[in-house]
Visitor: 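Right, I'll just put the structure down here and ask away after.
Counting begins at 1 with the first residue of the sequence. The structure displayed is predicted, hence computed values, not measured ones.
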Amino acid sequence: GYQHTCAILDNGDLKCWGYDDRGQLGDGGSNTDTNAPSSTAINLGTGRTAVAVDAGYEHTCAILDNGDLKCWGWDFKGQLGDGGSNTNANAPSSTAINLGTGRTAVAVSVGYFHTCAILDNGEAKCWGYDYNGQLGDGGSNTDTNAPSSIAINLGTGRTAVAVSAGSYHTCAFLDNGEAKCWGSDSKGQLGDGGSNTNQGSAVA
């Protein structure tokens, strides 16, 4: 992440260390920086282990062995996806992010103030800060504190196989090998050959 590091151990335990001013280490403590992994793993829930983790600016997200997705740390713009009041969390919630009825996560990527996930049906959803269109929902650049019921429009019949959230933009690889990006294009990072115009929808 920005100033913290996380690792999944060979037994599925998850540990983070470094900067903890917003609770991004997930240890449930008093937001105290650490210079080494704790002897105690992050509490992901009874019997739960981690299969994927991504550390962002000052929040962290993990996919659990049952496909649940949980985030913790800074919730400034709703990037934790819990639908709550944008309150920082210093530990994973007991309740997973609501990705939709029966849906689970297969990939997660954490940006500066937004989070994106690929679901088990290949849909992609993002939530959090949307000032530059980085949520890809084609809407009015409105921040959201939970995944939308509607997935990002990647094209007719298209699904996502990989996603990467940058500071203020997001890109995905699709099932047909195409790459599409959305969000801030201030430096041409969307790669669409255009006029460095922010895009609220996925562009090839």
Side-chain angles (χ1 to χ4, degrees), residues 1-8 13-38 40-45 48 50-64 68-99 105 107-118 124-137 139 141-148 152 163-171 182-184 186 189 198:
Y2 175 58
Q3 292 180 324
H4 73 295
T5 305
C6 298
I8 299 174
D13 280 354
L14 178 61
K15 296 184 178 185
C16 298
W17 56 95
Y19 197 35
D20 196 32
D21 68 322
R22 311 283 186 179
Q24 58 264 48
L25 299 190
D27 57 13
S30 56
N31 294 14
T32 302
D33 303 345
T34 63
N35 60 12
S38 169
T40 305
I42 293 171
N43 182 2
L44 299 171
R48 297 275 67 94
V51 297
V53 64
D54 198 32
Y57 178 58
E58 292 189 346
H59 76 292
T60 307
C61 296
I63 299 175
L64 311 189
D68 280 354
L69 177 60
K70 295 185 176 184
C71 300
W72 55 92
W74 203 10
D75 201 26
F76 176 55
K77 294 293 184 178
Q79 59 263 45
L80 299 190
D82 56 13
S85 56
N86 294 12
T87 302
N88 299 348
N90 61 10
S93 169
S94 58
T95 305
I97 293 171
N98 181 2
L99 298 169
V108 63
S109 186
V110 178
Y112 202 69
F113 294 130
H114 75 294
T115 304
C116 297
I118 299 176
K125 294 185 176 183
C126 299
W127 55 92
Y129 194 41
D130 197 31
Y131 182 74
N132 298 282
Q134 59 264 51
L135 300 190
D137 56 11
N141 292 9
T142 302
D143 303 342
T144 63
N145 60 12
S148 170
I152 294 169
V163 65
S164 184
S167 294
Y168 298 112
H169 76 295
T170 309
C171 293
W182 54 92
S184 175
S186 60
Q189 58 265 49
N198 296 352

Visitor: Mind listing the closest non-hydrogen atom pair of L25 and G18 along with its distance?
Guide: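 Taking L25 first and G18 second, the nearest heavy atoms are CD1-O, 3.6 Å.
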Visitor: Looking at K70 and S93, would you say the former's side chain and the latter's main chain have a donor-acceptor pair under 3.5 Å?
Guide: yes
Visitor: Would you check if the side chain of N132 reaches a backbone N or O of S184 as a donor-acceptor pair within less than 3.5 Å?
Guide: no
Visitor: Could you tell me whether a side-chain N or O of K125 sits under 3.5 Å from a main-chain N or O of C116, the two making a donor and an acceptor?
Guide: no
Visitor: Judged by atom type as modelled, is there a donor-acceptor pair below 3.5 Å linking the side chain of S109 to the main-chain atoms of A165?
Guide: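 Checking the backbone N and O of A165 against the side chain of S109, a donor-acceptor pair under 3.5 Å is found.
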Visitor: Could you walk me through whether Q79 and H59 satisfy the side chain to side chain contact (heavy atoms under 4.5 Å, CB included) test, starting with their C-alpha distance in whole Å, then the side-chain angles of each, then the deciding distance to 0.1 Å, before giving a yes or no?
Guide: CA-CA 8 Å; Q79 59 263 45; H59 76 292; 3.7 Å; yes
Visitor: With the side chain counted from C-beta on, respond yes when Y19 and E58 share a heavy-atom pair under 4.5 Å apart, and no when they do not.
Guide: yes
Visitor: Using a 4.5 Å cut-off on heavy atoms from C-beta on, say whether the side chain of T60 contacts that of D54.
Guide: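 D54 vs T60: side chains apart.
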Visitor: Would you say the side chain of D75 lies within less than 4.5 Å of the side chain of N86, judging by non-hydrogen atoms?
Guide: yes
Visitor: Without swapping roles, check the side chain of W72 against the backbone of A89 for a donor-acceptor pair under 3.5 Å.
Guide: no
Visitor: What pair of heavy atoms forms the shortest contact from I42 to G26, and how long is it?
Guide: CG2-O, 3.5 Å
Visitor: Give the ring-plane orientation class for Y57 versus W74, where under 30° counts as parallel, over 60° as perpendicular and anything between as tilted.
Guide: tilted
Visitor: Considering non-hydrogen atoms only, spot the tightest contact between A96 and D68 and give its length.
Guide: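 Minimum heavy-atom separation between A96 and D68: CB-CG, 3.5 Å.
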Visitor: Taking F113 as the fixed residue, which of Y2, F76, Y131 is the one that meets the ring-ring contact (aromatic ring centres under 6.0 Å, His included) rule?
Guide: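 Single pass found, and it is F76.
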Visitor: Work out which heavy atom in W182 is nearest to a heavy atom in I152; give both atom names and the distance.
Guide: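 Shortest heavy-atom contact: CZ2-CD1, 3.6 Å.
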Visitor: State, to 0.1 Å, how close L69 and A117 come at their nearest heavy-atom pair, and which atoms those are.
Guide: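 Scanning both residues completely, I find the closest heavy atoms to be CD2-CB, 4.0 Å.
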Visitor: Does W127 use its side chain to pair, donor to acceptor, with the backbone of N145 at less than 3.5 Å?
Guide: no
Visitor: Could you state the interatomic distance from CG (L80) to CZ (R22), rounded to the nearest 0.5 Å?
Guide: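 Output value for this atom pair is 12.0 Å.
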Visitor: For the side chain of D27 and the backbone of G29, is there at least one donor-acceptor N/O pair under 3.5 Å apart?
Guide: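 Present.
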Visitor: Between Y168 and Y112, does a ring pair (Phe, Tyr, Trp, His ring centres under 6.0 Å) hold up when you go through it step by step?
Guide: CA-CA 7 Å; Y168 298 112; Y112 202 69; 5.5 Å; yes
Visitor: Specify the closest pair of heavy atoms between C61 and T115, including all atoms of both residues, with the distance to one decimal.
Guide: SG-CG2, 3.8 Å
Visitor: Given 3.5 Å as the limit, does a donor-acceptor pair link the side chain of D33 with the main chain of D20, or not?
Guide: yes
